[in-house]
Amino acid sequence: MRENDADVAAHWLFGDQLGPHFLTAGPGGPHRDTPVLMVESRGVFRRRRFHRAKAHLVLSAMRHRAAELGDRVIHVKADSYVRGVREAVGDAPVTVHHPTSRAALGLVRARPSTRVLPARGFLVGHDAFRRWAAGDGAGRLRQEDFYRWVRREHDLLMDGAEPAGGRWNLDHDNREPAPHDAADLGVPAPYRPREDDIDAEVRADLDRWEREGTVEFLGDDGPRRFPATRREALAALRRFLDHRLPTFGAYEDAVLAADPVMSHSLLSSSLNLGLLDPAECVEGAEAEYRAGRAPLNSVEGFVRQVAGWREYVWQLYWHLGPEHRTANVLRAHGEVPSWWEELDSTGVEARCLSQVLDDVRATGWTHHIPRLMVLGSHALQRGWDPAALTDWFHRAFVDGYDWVMVPNVVGMSQFADGGRMTTKPYTSGGAYLHRMTDFCGDCRFKPSVRVGDDACPFTAGYWAFLHRHRARFENSPRMARAVRGLDRLNDLEALLEQERGRTD
């Protein structure tokens with residue numbers, strides 16, 4: 001052992017640090033012979049009501065990893081992390097890679113004999129980001145600038161000093177609407193794992209906790225849909241690269257009601273559990289482009305999601321500080337309604353909203369457009385409290401973690417930070433949903449109608465939102481034109497009266 005490892009009782013492995021790269025020996029990593037400590041805290045599920053599919057996935061992944069580690073692991077099931085660590089190693093020193101949430105970081109730092117090692121599972125280290133933020137990113141912190149820097153630093157999709165194909169961002173090529181008169185994209189299905197005895201054990205535990213009344217979940221727990229092991233995650237990655245990546249780009253922002261996964265990778269939960277390393281994902285995608293098996297727009301779109309947005313969100317979670325969580329410049333204080341909390345679409349008449357809630361209830365997942373332009377947009381228009389909404393997204397999605405949802409919901413979806421992450425609020429009327437989805441055809445509301453029984457709640461809600469925040473946005477370069485559109489509405493007063501009486 002190295003000298004400073006001699007007295008280490010164990011290396012503490014959190015439930016989102018499950019890949020082999022979290023145990024690789026070397027600078028900033030645990031010694032190869034150090035025992036591994038894993039703690040299951042039932043208190044996590046007692047304190048907050050998570051989607052049952054998420055609870056199943058996390059526990060299944062942890063128990064599969066513990067089984068793989070065999071005699072090396074100290075696997076403890078306890079009421080809290082503090083009790084679990086004390087039971088396993090007492091006050092002896094442990095190491096741990098930088099956790100992914102402020103709460104977890106505070107927990108490990110409160111233990112005097114815990115040494116925090118550098119974070120793993122991301123392309124960019126905290127120190128490197130701070131240098132970028134103080135230099136090229138100074139005063140802006142814009143995602144596009146950061147994305148280009150990451151591409152250069154990691155030589156991703158680069159031809160020498162220039163981006164492959166001559167353009168950094170092919171987003172313009174990735175906005176094709178959903179195909180007309182097609183129920184699905186006709187691409188091979190994503191990888192689906194097979195459950196085993198460990199999954200049966202997890203489900204039995206969840207059933208028992210619910211019967212005992214100590215834990216309550218939301219959503220359904222059908223057969224596990226997402227990888228719980230490194231082997232499964234690699235199979236899912238290979239399936240995406242071989243069969244789904246070529247058609248990913250063009251329809252990246254499109255939605256089909258009967259095909260909720262489209263050509264998306266479904267790798268977010270595997271990345272966020274630490275089963276996959278982002279480098280192997282983006283390098284694998286680039287290899288497909290270089291071999292002529294996938295078009296550049298699809299590969300660049302995927303690389304931008306992983307090496308651009310995911311890395312950016314991770315860094316801003318730490319860089320913007322704990323106050324970012326409570327930002328609320330639009331003064332949105334509405335309560336998240338019970339039907340939303342319960343994922344109950346029974347009384348929801350808007351087809352888009354009803355379908356997306358059904359998808360979340362059944363699987364704990366939807367892709368980014370239903371999250372942003374249906375769920376997020378609806379909440380923004382209604383003025384729901386962004387902190388409460390962030391908590392809901394964290395609990396309701398299998399890939400939701402604190403570091404994921406605070407920037408994504410507070411910063412992007414709800415514009416609660418006033419533009420520190422984005423230059424405009426992401427909301428729209430029904431016309432956008434009509435163009436990019438097939439939801440509107442069978443809906444009782446008309447996307448072009450803003451007042452009356454057939455008025456689309458997104459169309460009416462969009463104009464009511466602009467009116468409510470006119471003073472803030474009327475001089476915004478990206479919003480001024482939309483705000484001026486209020487002056488052309490001859491039914492604005494009727495619209496506002498209608499929206500004041502709308503119940504969610």
Side-chain angles (χ1 to χ4, degrees), residues 1-47 50 54-122 198 201-202 205 209 227-231 233 269-277 401-403:
M1 288 189 179
R2 294 167 297 188
E3 182 178 348
N4 59 359
D5 286 328
D7 61 348
V8 172
H11 178 74
W12 185 356
L13 204 65
F14 274 93
D16 54 0
Q17 300 176 335
L18 302 181
H21 45 293
F22 289 95
L23 291 180
T24 304
H31 191 274
R32 64 176 58 86
D33 296 324
T34 301
V36 175
L37 170 63
M38 297 180 68
V39 179
E40 283 185 28
S41 169
R42 194 189 305 188
V44 170
F45 301 114
R46 285 174 173 164
R47 288 191 301 272
F50 287 91
K54 178 175 186 170
H56 184 140
L57 175 63
V58 171
L59 291 178
S60 177
M62 291 185 70
R63 294 181 188 183
H64 276 96
R65 185 62 170 139
E68 292 168 355
L69 291 169
D71 293 340
R72 186 183 176 187
V73 73
I74 307 167
H75 185 201
V76 180
K77 300 176 183 179
D79 288 335
S80 71
Y81 288 116
V82 172
R83 291 181 182 178
V85 175
R86 186 182 301 124
E87 174 185 331
V89 299
D91 295 325
V94 301
T95 58
V96 63
H97 281 298
H98 191 295
T100 62
S101 74
R102 283 196 179 81
L105 183 61
L107 174 71
V108 301
R109 284 181 171 170
R111 190 177 183 275
S113 55
T114 300
R115 180 158 56 92
V116 180
L117 305 177
R120 289 187 175 176
F122 297 89
I198 291 178
E201 175 190 81
V202 169
D205 284 346
W209 297 348
T229 68
R230 168 73 172 168
R231 183 177 180 180
S269 63
S270 298
L271 281 162
N272 294 350
L273 286 168
L275 296 173
L276 292 175
D277 187 270
Y401 291 84
D402 199 54
W403 71 267

Engineer: Considering non-hydrogen atoms only, spot the tightest contact between V44 and F50 and give its length.
Structural biologist: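 For V44 versus F50, the nearest heavy atoms are O-CE1, 3.6 Å.
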Engineer: Which pair of non-hydrogen atoms, one from P227 and one from L57, has the smallest distance, and what is that distance?
Structural biologist: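 Answer, listing the atom of P227 first, then L57: O-CD1, 3.3 Å.
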Engineer: Among residues at least two apart in sequence or on other chains, which ones pass side chain to side chain contact (heavy atoms under 4.5 Å, CB included) with R109?
Structural biologist: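 Testing R109 for side chain to side chain contact (heavy atoms under 4.5 Å, CB included), a comparison that skips the adjacent residues, returns L105, V116.
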Engineer: Just jot down the salt bridge (charged side-chain N to carboxylate O under 4.0 Å, His left out) partners of D277, sequence neighbours excluded, or say none.
Structural biologist: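 For D277, no residue satisfies salt bridge (charged side-chain N to carboxylate O under 4.0 Å, His left out) once neighbours in sequence are set aside.
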Engineer: I need the full list of ring-ring contact (aromatic ring centres under 6.0 Å, His included) pairs touching residues 99-118, with sequence neighbours left out, sorted by first then second residue.
Structural biologist: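 Every pair satisfying ring-ring contact (aromatic ring centres under 6.0 Å, His included) with a residue in residues 99-118: there are none.
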Engineer: Restricting to non-hydrogen atoms, name the atom on L275 and the atom on A233 that form the minimum distance, rounded to 0.1 Å.
Structural biologist: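 Looks like CB-CB, 3.8 Å.
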Engineer: Identify the heavy atoms of A10 and V89 that sit nearest to each other, and give their distance.
Structural biologist: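 Smallest interatomic distance, heavy atoms only, reads CB-CG1, 4.3 Å.
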Engineer: Looking at side-chain heavy atoms only, is the closest gap between L59 and D205 below 4.5 Å?
Structural biologist: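 No, too far: nothing below the 4.5 Å cut-off.
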Engineer: Got K77 and M62 here, is their nearest side-chain heavy-atom distance under 4.5 Å?
Structural biologist: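 Side chain of K77 against side chain of M62, heavy atoms only: no contact under 4.5 Å found.
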Engineer: Are the side chain of S270 and the backbone N or O of L276 linked by a donor-acceptor pair below 3.5 Å?
Structural biologist: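 No.
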Engineer: With a cut-off of 3.5 Å and sequence neighbours excluded, list every side-chain donor-acceptor pair involving residues 66-76.
Structural biologist:
| unit_1 | atom_1 | unit_2 | atom_2 | d |
| --- | --- | --- | --- | --- |
| E68 | OE1 | R65 | NH1 | 3.2 |
| R72 | NE | T34 | O | 2.8 |
| R72 | NH2 | H31 | O | 3.3 |
| R72 | NH2 | R32 | O | 3.4 |
| R72 | NH2 | T34 | O | 3.1 |
| H75 | NE2 | E40 | OE2 | 3.1 |

Engineer: Listing request: all ring-ring contact (aromatic ring centres under 6.0 Å, His included) pairs with a residue in residues 78-102, at least two apart in sequence or in separate chains.
Structural biologist: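 Sorted pair list: H11-H97, F14-Y81, H98-H126, H98-W318.
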Engineer: Shortest non-hydrogen contact from R42 to W209?
Structural biologist: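 Distance-wise, the nearest heavy atoms are CZ-NE1, 3.1 Å.
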Engineer: Starting at CG of L273, measure out to CG of L18 and round the result to the nearest 0.5 Å.
Structural biologist: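 If we round to the nearest 0.5 Å, L273:CG and L18:CG are 6.0 Å apart.
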Engineer: Can you see which heavy atom on S41 is nearest to which on S80, and at what distance?
Structural biologist: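 It is OG-CA, 3.4 Å.
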Engineer: Distance-only, no hydrogens or angles: does the R120 side chain make a donor-acceptor pair with backbone N or O of H21 under 3.5 Å?
Structural biologist: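 Yes, R120 side chain to H21 backbone: donor-acceptor pair under 3.5 Å.
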Engineer: How would you list, by chain and number, every residue that makes a side chain to side chain contact (heavy atoms under 4.5 Å, CB included) with T100, sequence neighbours excluded?
Structural biologist: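 With neighbours one apart ignored, the set is D16, W314, W403.
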